[in-house]
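Presented below is the structure to which this report refers.
Each chain gets a letter, A, B and so on, in the order the sequences are listed, and its residues count up from 1. All figures in this text were calculated on a predicted structure; none of them were measured in a lab.
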4 protein chains.
Amino acid sequence: MSKSETTRQKILESTTWLIGQYGIEKSSLSMIANSVGIQKPSIYYYYSSKEELIDAVFSWILEGYSFDKYFPIIEYTKENFVEKIINDGVQLLNEESTDTQLLVVQVLNEFLLYGNRESSHNKAYKLKIKAVQQGFIDGFVHLLQKGVEFGLMESKGLREKAVVLALTLDNLSNYPLIGIQLDTAAVWKQAISSVLSGKEGM
Amino acid sequence: MSKSETTRQKILESTTWLIGQYGIEKSSLSMIANSVGIQKPSIYYYYSSKEELIDAVFSWILEGYSFDKYFPIIEYTKENFVEKIINDGVQLLNEESTDTQLLVVQVLNEFLLYGNRESSHNKAYKLKIKAVQQGFIDGFVHLLQKGVEFGLMESKGLREKAVVLALTLDNLSNYPLIGIQLDTAAVWKQAISSVLSGKEGM
Amino acid sequence: MSKSETTRQKILESTTWLIGQYGIEKSSLSMIANSVGIQKPSIYYYYSSKEELIDAVFSWILEGYSFDKYFPIIEYTKENFVEKIINDGVQLLNEESTDTQLLVVQVLNEFLLYGNRESSHNKAYKLKIKAVQQGFIDGFVHLLQKGVEFGLMESKGLREKAVVLALTLDNLSNYPLIGIQLDTAAVWKQAISSVLSGKEGM
Amino acid sequence: MSKSETTRQKILESTTWLIGQYGIEKSSLSMIANSVGIQKPSIYYYYSSKEELIDAVFSWILEGYSFDKYFPIIEYTKENFVEKIINDGVQLLNEESTDTQLLVVQVLNEFLLYGNRESSHNKAYKLKIKAVQQGFIDGFVHLLQKGVEFGLMESKGLREKAVVLALTLDNLSNYPLIGIQLDTAAVWKQAISSVLSGKEGM
DNA sequence: TATGAATGAGCATTCATTCAT
DNA sequence: AATGAATGAATGCTCATTCAT
């Protein structure tokens, strides 16, 4: 990696970390420059404005955050279905409980709120995060359809079940931010169990 | 209400609305004063600092936000249990989908992130929000225990089931912020259904 | 003393004390009102502006600060002259080393500087303090003239001797402000001794 | 001198002058910037806070203000002692009666009072000024000891004599601030004369 | 590839003062 | 005799941004 690219990367990392600590608006270019070890105007050599830098941070942390990465539908078979859906979810939750991922979750939430604000020039944040969330819902719909095909569950209320799974996963990621400790694996198992055997339409 | 109290209330409301629009830090006293229709220093007649005003906003929106308000355990009987738990949840979700409550949810999320930040003087925000969330989890534990007593469900995995319900409710409140439209009533029904009939311990 | 006069007096005292602690400009009406135990606008009932209050404080602490109070020329005789001039000076210095008088000295110095400033509306401070100082010089001239009449010293350089005494007394009052501890009585005795026996015109 | 250093120096000079005119607290960054001919935030490029700027001004005006600069003990001989001590003092007094030095004296007094105030963050002002004053007292002690060695005066009460000389010099510097015109040279001669021939221990 | 020097806009806060009551 | 409510002006300070080098 060239020196230029190294610096660019350091700016990205420092900014992400600072956003996790102080939020987007309170992370000033002074702080960022200071944290990287360069002078403030030097940032403009790499990003033409703070907005552009923030955009770059957003893209950077969002890339590779997809349903398929964690739940590779193609690998699911009738035999491994139940075990795998549990394991994949547990692995995602474990991964997200590392310090790095807690930072990512915090930063994503910063962007989510930031994207909702009037002053935000870039409404795309909201849309992109929505797309990711929607991707998880759609992913679970596809996955559960496979479960139906395998005869492991009924097709009724399938979309709602998929939503419950997506919601549960999302919220289990967010709870550490509030400081509530949960046995996330157990909750996830319970959610799967409910979905696979639930008799809806009461 | 005296003129003084009216002004104090208007400051509170304007600030809440502005926080929903621009975030806590970007909601400047200039904006607030402007929005209320007074001059900036007048705010100091009512609140001795911005921090104190923000604290007052937080207390104001948090008051009366409790499990018992929405799920009055005492009113639950064997006969009305299933119907009532569904209806109470649906009512909470409907209430929260009003513009006012969307604002409250957004603002609560602002405080949640704000309380996580290093620069924030008042770490109490996080703790108080945690207490409310924990109150919902504990509330559902109690409620489901009653369900067990009524013979409507098994006691196994009860705590995890309670967590799933609390998470689901929380996330259903948050989803509108992302812009995802869900049939929240259907999802809630599905969650209840899963919980009441789920066979855990696979 | 009527309630009105009591309050007026309390304002004066509090302001003096605050000026000693924080200086004239940093002693705000808020602080004064707070210290007195009244509301800020109430001060305007007694003094039509901060300037007028400050003027009143100045007059109050300056009144009774005269040469004659400490060195009553009429009581000086040939027999008691040397002893009395020493004792009177020592008494003045002792008096000024009390906490109250240290405050007065500090406040007088505040006014001295304040009166030198461009922003000061009231140049009279400087003139009045000058008058007091000049009064001490003139007083010592008269006193030493009596000493000459009594045959206790030569008349040559009398004015300069008087100035040395006045200066010495003034500075001995000010030194505690800097924090330098001196045997003020000894220094004063030395000054008198020098003046009474000094052979000028070298 | 680079442009940067020129600006830094101009800020220092303007601030000193403004402190002499308006006092430390009333010398606002706006006034300073205006006086220098730059914008307010530019000051922060050179000094990270008003406090730091004020500190720099203090150090600047205090540097080189020492007893030895005016009374070089090493140059004193038996033959030149009396004449030189008079001349050195007269020269110091003449120097201090220039406009520049009057400003310095006024500013030093501002710092002295400022350092006494509660709100002042930097109590070091008082200590450093005390050190300078103490330096003059100690200097005169050394000088008079030489005078004793030369047989020009008695050793008794030497410290008090030294204090009288230091006080006299100090006060002669301060009197112009009050507006009192004195024949400072004559007063200084008188003080020296008193000290050299005075018979203490009455 | 980076920075030294500078700035306009805006921030939270404090101030002396006013005025109807 | 005193005050509740309000304000215009100013304070120290931070910000993202510019631009010549």
Side-chain angles (χ1 to χ4, degrees), chain A residues 2-8 25-33 36-54, chain B residues 2-8 25-33 36-54, chain C residues 2-8 25-33 36-54, chain D residues 2-8 25-33 36-54:
Chain A
S2 71
K3 192 183 170 198
S4 173
E5 276 312 303
T6 307
T7 305
R8 183 185 287 268
E25 271 122 347
K26 282 280 170 183
S27 297
S28 72
L29 294 189
S30 302
M31 289 164 69
I32 295 168
V36 174
I38 57 177
Q39 290 312 115
K40 207 179 2 171
S42 306
I43 296 173
Y44 285 86
Y45 182 80
Y46 296 96
Y47 302 96
S48 68
S49 69
K50 185 181 177 183
E51 208 187 328
E52 199 182 293
L53 168 57
I54 297 300
Chain B
S2 71
K3 193 189 171 199
S4 172
E5 277 311 305
T6 308
T7 306
R8 186 184 287 269
E25 273 125 344
K26 282 281 172 184
S27 296
S28 74
L29 294 188
S30 302
M31 290 163 67
I32 294 167
V36 174
I38 56 178
Q39 292 311 115
K40 203 172 18 163
S42 303
I43 296 174
Y44 285 87
Y45 181 78
Y46 297 94
Y47 301 96
S48 66
S49 67
K50 184 180 177 182
E51 207 185 329
E52 199 184 292
L53 168 56
I54 296 300
Chain C
S2 72
K3 191 182 171 198
S4 172
E5 276 312 301
T6 307
T7 305
R8 183 184 288 270
E25 273 122 345
K26 283 278 170 184
S27 295
S28 72
L29 294 187
S30 302
M31 289 164 69
I32 294 167
V36 174
I38 57 177
Q39 292 310 115
K40 207 175 11 167
S42 306
I43 296 173
Y44 285 87
Y45 182 80
Y46 296 96
Y47 302 96
S48 67
S49 68
K50 185 183 179 183
E51 207 187 329
E52 200 184 291
L53 169 56
I54 296 301
Chain D
S2 71
K3 193 186 171 199
S4 172
E5 278 311 305
T6 307
T7 306
R8 185 183 287 270
E25 271 125 347
K26 283 281 170 185
S27 295
S28 74
L29 294 188
S30 303
M31 291 163 67
I32 293 167
V36 175
I38 55 178
Q39 291 312 114
K40 206 175 13 165
S42 302
I43 296 174
Y44 285 87
Y45 182 76
Y46 296 95
Y47 301 96
S48 65
S49 67
K50 184 180 177 185
E51 209 186 330
E52 199 183 292
L53 169 56
I54 296 301

- Kindly say if D/Y44 contacts the phosphate of F/dT14, meaning a side-chain N or O under 4.0 Å from OP1 or OP2. no
- Figure out the CD/P separation between B/E51 and E/dC11, and round it to whole Å. 18 Å
- Message: Under the rule for side-chain contact (heavy atoms from CB on, under 4.5 Å), what residues qualify as partners of B/Y47, not counting sequence neighbours?
- Response: B/R8, B/I11, B/L12, B/E52, B/L53, B/A56
- Note on the structure: For A/S28 and A/K50, the nearest pair of non-hydrogen atoms, with its separation, is CA-NZ, 4.5 Å
- Enclosure of A/K26 NZ (heavy-atom neighbours >12, cutoff 6.0 Å): no
- Task: Please report the shortest heavy-atom distance between A/I43 and A/I38, naming the atom on each side.
- Result: CG1-CD1, 4.1 Å
- Query: Between C/Y47 (OH) and F/dA1 (P), how many Å, whole number?
  - Reply: 14 Å
- How does protein reach along nucleotides 6-11 of chain F, written 5' to 3' as B (base within reach of a heavy atom under 4.0 Å), S (only sugar-phosphate), or - (no contact)? SBBB-S
- Query: What pairs with D/E51 under side chain to side chain donor-acceptor pair (under 3.5 Å), at least two apart in sequence or on another chain?
  - Reply: D/H121
- With A/Q39, which residues qualify under side chain to side chain donor-acceptor pair (under 3.5 Å), at least two apart? none
- Query: Taking atom CD1 of C/I32 and atom OG of C/S42, what is their separation to the nearest 0.5 Å?
  - Reply: 13.0 Å
- Message: In whole Å, I'd like the distance from the CD1 atom of A/I32 to the P atom of F/dT14.
- Response: 17 Å
- Would you kindly give the CG-to-P distance between A/L53 and F/dT17, to the nearest whole Å? 10 Å
- Note on the structure: Here DNA chain E, pairs taken as Watson-Crick or G-U under 3.5 Å and shown with ( ), [ ] when crossing and | when to another strand, reads .||||||||||||||||||||
